[in-house]
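Quick notes on the structure that follows.
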Amino acid sequence: QEPLTASMLAAAPPQEQKQMLGERLYPLIHSLHPSMAGKITGMLLEIDNSELLLMLESPESLHSKIEEAVAVLQVHQISEASHKSN
Amino acid sequence: KKSTLNPNAKEFNPSKTLLSVNK
């Protein structure tokens, strides 16, 4: 698969741009967190496209963002669970 | 620092072609 470039993205309509980025991010996220991959990808797609492109080029920054998303999700799930039990 | 990530974000649905290996 050829690398995604800023000019390729710019040529696509905005909604498709997120889909294109998601298609690149999803397999990487799925290899780390299979059960939460769709959710994590959705969270990361709210970040600016330019920043997402940088992450695709830098596995280290992508990984730290993925771990951040996992942490946010876990806190969210715990707070949801405690709301239900109260 | 507080995370800017939103836990209520819409889930991403990958295209079927990507997932076909798992189905």
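Chain naming here is simple, since letters A, B, ... match the order of the sequence lines and numbering starts at 1 in each.
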**Request:** Under 4.5 Å heavy-atom distance to chain A, tell me which part of B/N13 shows up: side chain, backbone, both or neither.
**Result:** backbone
**Prompt:** So, does A/K65 use its side chain to make a donor-acceptor pair with the main chain of A/L52 at under 3.5 Å?
**Reply:** no
**Prompt:** Are B/L5 and A/L32 co-members of a hydrophobic cluster defined by side-chain heavy atoms under 4.5 Å apart?
**Reply:** yes
**Prompt:** Do A/E23 and A/Q19 have a side chain donor and acceptor closer than 3.5 Å?
**Reply:** yes
**Request:** For A/S61, check side chain to side chain donor-acceptor pair (under 3.5 Å) against everything at least two apart and list the hits.
**Result:** A/S58
**Asked** Roughly how far, to the nearest 0.5 Å, is the CD1 atom of A/I29 from the CZ atom of B/F12?
**Response** 9.0 Å
**Item:** Backbone N/O of A/L9 and side chain of A/Q17: donor-acceptor pair under 3.5 Å
**Value:** yes
**Request:** Give me the contact list for residues 41-50 of chain A versus chain B, heavy atoms only, anything under 4.5 Å, ordered by residue number.
**Result:** A/T41, A/G42, A/M43, A/L44, A/L45, A/E46, A/I47
